[in-house]
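Owing to the predicted nature of the structure, the values given are computational and were not obtained by experimental measurement.
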Amino acid sequence: MSWSWALSDPSVLRVALGGLALVLLAMSLLWLVSLRLRDASVVDAFWGAGFTLLALFYAVTSDGVMARKVLLSSLTLVWGARLSVHILKRRRGQPEDPRYAAWHAAAGRGFWWSSYFSVFLLQGVLMWVISAPLLVGQASVTPARLTVLDALGAGVWAVGFLFEAVGDAQLRRFKADPANRGAVLQTGLWAYTRHPNYFGDSLVWWSYFLISLSVPGGVWTIFSPLLMTLLLLRVSGVSLLESELKKSKPGYTEYVDRTSAFFPWPPSRWRRDS
């Protein structure tokens, strides 16, 4: 059985299209909220929640194996809820994110309409595409039991979640100390990678792919973790953030010179001293 089963099986195709309709409806409602708040950056807080919504929808509406449904939907729920709550807390009381504010200023009065397509619907479609392992893993009726790949995926998820959650917590505590204003966090996980949270996020999606490998056709969902990793490295993550940090934080260039950008690795000065 290959990836074509998802396209030819009416029940799986119905679940997939239902997920697309659901996430686009949610994004449309969120767009209306953004108009009320005059803040398009509310979409960021829905990123984790949106995947949770899709995972739970796939679990409820598909005919797959219950154990794998529980595994995938639970892992996504924990990851997505933590991420959305983290972003909500970080954004509380803050003005519109500078990225969206710049688009807002450039588009003028037309931003309210253009943001619906270029921000909200675009992210909704991205969520749906990236959620492919969650769909395939939960929709397949074989194998009937969890496999070694399911266990391996859960283990990788735990490591990724740890990096993401602990990295975010360390950065939050660092920023909360007024003495660290303008300084660069270089301890904890941040001593080994400049972006432990992004690295952890990427691992989480590779874990979903590993779980989907346990079912027929799962290998074709590899585009999901590849796309997510690309987004984190080149689009909305590392590249975008570091271009700003190099300008705003003295000493960040030196931190870049000795610390791995993404994959955890001992700082270069430690390697020289060893």
Go through the steps to decide whether Glu254 and Val184 satisfy the test side-chain contact (heavy atoms from CB on, under 4.5 Å), and finish with yes or no.
CA-CA 10 Å; Glu254 290 77 9; Val184 179; over 6 Å; no
Using the side-chain contact (heavy atoms from CB on, under 4.5 Å) rule, take Val65 and Val215 through it: C-alpha gap first, then chi angles, then the decisive distance, then the call.
CA-CA 10 Å; Val65 177; Val215 309; over 6 Å; no
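Applying the salt bridge (Lys or Arg N to Asp or Glu O under 4.0 Å) rule to pairs touching residues 58-85 yields Arg68-Asp150, Arg82-Glu164, Arg82-Asp168, sequence neighbours excluded.
Interatomic distance, Thr76 OG1 to Ile211 CD1, rounded to the nearest 0.5 Å: 8.0 Å. Note: Leu83 CG to Asp44 CG = 9.5 Å, rounded to the nearest 0.5 Å. Atom-to-atom distance recorded for Arg258:CZ and Arg194:CZ is 11.0 Å, nearest 0.5 angstrom. Remark: Leu77 CG to Leu56 CG distance equals 6.0 Å, nearest 0.5 Å. Rounding to the nearest 0.5 angstrom, the gap separating the CG atom in Asn197 from the CZ atom in Phe163 is 11.0 Å. One distance of note links OG of Ser212 with CG of Leu72; it measures 8.0 Å at 0.5 Å rounding.
No option in Phe199, Phe223, Trp79, Tyr198 other than Trp79 meets the ring-ring contact (aromatic ring centres under 6.0 Å, His included) test with Trp205.
When hydrophobic clusters are built by joining Ile, Leu, Val, Met, Phe, Trp and Tyr residues whose side-chain heavy atoms come closer than 4.5 Å, directly or via intermediates, Val23 is grouped together with Phe117. Hydrophobic clustering (side-chain heavy atoms under 4.5 Å, transitive across Ile, Leu, Val, Met, Phe, Trp, Tyr) groups Val204 together with Phe263. Val60 and Leu13 end up in different hydrophobic clusters when Ile, Leu, Val, Met, Phe, Trp and Tyr side chains are linked at under 4.5 Å. In the hydrophobic cluster analysis, where Ile, Leu, Val, Met, Phe, Trp and Tyr join through side-chain heavy atoms closer than 4.5 angstrom, Val70 is grouped apart from Leu54. If you chain together hydrophobic residues whose side chains sit under 4.5 Å apart, Ile87 and Leu37 fall into the same group.
Annotation: ring pair (Phe, Tyr, Trp, His ring centres under 6.0 Å) contacts of Phe161 (sequence neighbours excluded): Trp157. Contacts of Trp190 classified as ring pair (Phe, Tyr, Trp, His ring centres under 6.0 Å), with partners at least two apart in sequence or in another chain: none.
Closest approach of Ala81 and Thr52 over heavy atoms only: N-OG1, 4.1 Å. Nearest heavy-atom pair, Pro196 versus Gly167, reported as atom, atom and distance to 0.1 Å: CG-CA, 4.1 Å. Of all non-hydrogen atoms in Phe209 and Gly218, the two that sit nearest each other are CE1-O, 3.5 Å. Nearest heavy-atom pair, Leu53 versus Ala26, reported as atom, atom and distance to 0.1 Å: CD2-CB, 4.1 Å. Between Ala139 and Val12, the shortest heavy-atom contact is CB-CG2, 4.1 Å. Between Ala154 and Leu71, the shortest heavy-atom contact is CB-CD1, 4.4 Å.
In this structure, the side chains of Ile222 and Trp206 come closer than 4.5 Å at one or more pairs of heavy atoms. In this structure the side chain of Val43 never reaches within 4.5 angstrom of the side chain of Ser34, judged on heavy atoms. Ser115 places a side-chain heavy atom less than 4.5 Å from the side chain of Trp31. Proximity of Leu232 to Thr229: side-chain heavy atoms (C-beta onward) are nowhere separated by under 4.5 Å.
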Cut-off 3.5 Å, no hydrogens considered: what does the side-chain donor-acceptor table look like for residues 170-183, sequence neighbours left out?
from, atom 1, to, atom 2, distance (Å)
Gln170, OE1, Leu189, N, 3.0
Asp177, OD1, Ala179, N, 3.0
Asn180, ND2, Phe174, O, 3.0

For residues 120-138, run the donor-acceptor check on the side chains, cut-off 3.5 Å, and write out each pair with its distance to 0.1 Å, sequence neighbours left out.
from, atom 1, to, atom 2, distance (Å)
Gln123, NE2, Tyr100, OH, 3.4
Trp128, NE1, Ala16, O, 2.8
Ser131, OG, Tyr58, OH, 3.0
Ser131, OG, Met127, O, 3.4
Ser131, OG, Trp128, O, 2.8
Gln138, NE2, Ala55, O, 3.1
Gln138, NE2, Leu134, O, 3.1

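Not less than 6.0 angstrom separates the ring centroid of Tyr116 from the ring centroid of Trp112. Two rings, from Trp47 and Phe51, have their centers less than 6.0 Å apart.
Residue Leu88 shares its hydrophobic cluster (ILVMFWY side chains chained together at separations under 4.5 Å) with no other residue.
Proximity of a side-chain donor or acceptor of Ser84 to a complementary backbone N or O of Ala49 within less than 3.5 Å is detected.
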